[in-house]
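Below is one structure; the comments refer to it alone.
By convention in this document, chain letters (A, B, ...) are assigned in the order of the sequence lines, proteins followed by strands, and residues within each chain are numbered from 1. What you see below is based on every heavy atom in this structure, not just the backbone, and it leaves out hydrogens, waters and symmetry mates.
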2 protein chains.
Amino acid sequence: MTSQAADGPETVAATRRSKITPEREREFFDAVLEQIRECGYESVTMEGVAASTRCSKSTLYRQWKTKPQFVAAALRASRRVRFAGIDTGSLAEDLRQAARAAGDWSGKDTRLLQALGHAWTADKELAEALREALVNPEIAALQEMLARGVARGEVRADHPALEYIPAMMFGVLRVRPVLSGQYADADYLARFVEATVLPALGLTQDPGRRSRDD
Amino acid sequence: MTSQAADGPETVAATRRSKITPEREREFFDAVLEQIRECGYESVTMEGVAASTRCSKSTLYRQWKTKPQFVAAALRASRRVRFAGIDTGSLAEDLRQAARAAGDWSGKDTRLLQALGHAWTADKELAEALREALVNPEIAALQEMLARGVARGEVRADHPALEYIPAMMFGVLRVRPVLSGQYADADYLARFVEATVLPALGLTQDPGRRSRDD
DNA sequence: GCTCATCGATACGTCTCCGTACCGATACGC
DNA sequence: GCGTATCGGTACGGAGACGTATCGATGAGC
């Protein structure tokens, strides 16, 4: 409903109903998400988005009925699989690479999630768009990663830590700003995975140090 | 500056400058925090707090200059040490009890932190009050717990997982609503500690299952 | 080349909220 | 018992934002 011209960046539908190209739409979406990150969802105004993209408020309201619908559309359009394609053949190495990959976009996405604040708990459409864009793809990628490790026999299928790995990874991303005032970067995440995730899964392959060697 | 009558609940200073008793003040604070949890920081209005406590907006503005200062005062006054006094003599048991204790208040505090959204990142006073009230006491209690375990020789002082335990505990609290739509309760937290925190620390004392027994 | 839908700009109405001011009533301090 | 400061209620001004309406200009489609 939002963008009917989804068949390509240049080829537009025969009877064009909007002059908004997909590139232009992306500009709107990027602008509103960036303003949410900087000012918080409640403080973002349609006027502000219109001004920063040099379009008119009417143009925005012609495409999207209300501000939450606009933001939800922007969220859905920002859906990207961040660390897909990680498949090193080793679960530990997969998780290490996932940590480094997550560190690269953690700032933007963590800030966005934080800035959405209470809005997504109140608006069903926002919540759904949020999960669809930021949460579900990453969870699915992580679980595929874990499933491959199980299939290779690196971890038992009934290992109790398995179901908590996503919560560990995204939890530390989300809580770091509250605890230490800074976002989790790739290095921090890599150390976290090494120190907690891999040991919890029994994947500590470092022979130099055992946990209970005293 | 906010409440000068801090010498007791009944005994008031000689030259009383405000008719707001500490109990009445607590009513204001409870009301605003509850409204923040329910509606989000931005949507909370001074009118709403005044109405719910049957006081006048003037009364609130006589005591606190602005809304952020009011909320910050409420946060600071809500400072409580949630799981202090846990000292079973065993680090693993301490952590298990901490998990159960955290599960009891996780709903309220997690919702509050979530509902504060972007406000505390923008307002220095809010951020400081937030840390002082919700974050620092818990971190300190956890670290004392860990320090006792180290002193008893249960964990090596340079164990790499030590510094990430607070992030694990509070991270999973904070991220659970996003991942599964519900808050972490005591049972979930207890299972999380058992499945990830204790193994990461090398404290798995369950002899029936080892992580690398295959 | 013409037509018309859409664009950007702007003005407008409505609403909500912040923070202040005023005004009797009440209850504390002396 | 009296004076006075604070309380609760309300009205007010100012600001800002949502969403709508209007209007010339532009450019795509035929």
Nearest-Å distance, CD1 (A:Ile20) to C1' (C:dA5)? 13 Å
How far apart are the closest heavy atoms of A:Pro177 and B:Arg131, and which atoms are they? O-NH2, 3.7 Å
Euclidean distance, atom CZ of residue A:Phe28 to atom P of C:dC7 [Å, nearest integer]: 8 Å
Side chains of A:Ser58 and A:Ser56: is there a donor and an acceptor less than 3.5 Å apart? yes
Whole Å only: how far is the CZ atom of B:Phe70 from the P atom of C:dC17? 16 Å
Against the six-membered ring of A:Tyr188, is A:Arg176 placed for a cation-pi contact (under 6.0 Å from the centre, within 45° of the normal)? yes
Between CZ of B:Arg54 and C1' of D:dT10 the distance, given in whole Å, is 18 Å
Do the rings of A:Phe70 and A:Trp64 sit parallel, tilted or perpendicular, given the 30° and 60° boundaries? tilted
Rounded to whole Å, the CD-C1' distance (B:Gln63 to D:dT6) equals 9 Å
More than 12 heavy atoms from other groups under 6.0 Å of CD on A:Glu132: yes
Annotated protein contacts, base or backbone, on nucleotides 16-26 of chain D with a non-hydrogen cut-off under 4.0 Å, one of B, S, - each: -SBBBB----B
With a 4.0 Å cutoff (strictly under), does any side-chain N or O of A:Arg24 reach OP1 or OP2 of C:dT6? no
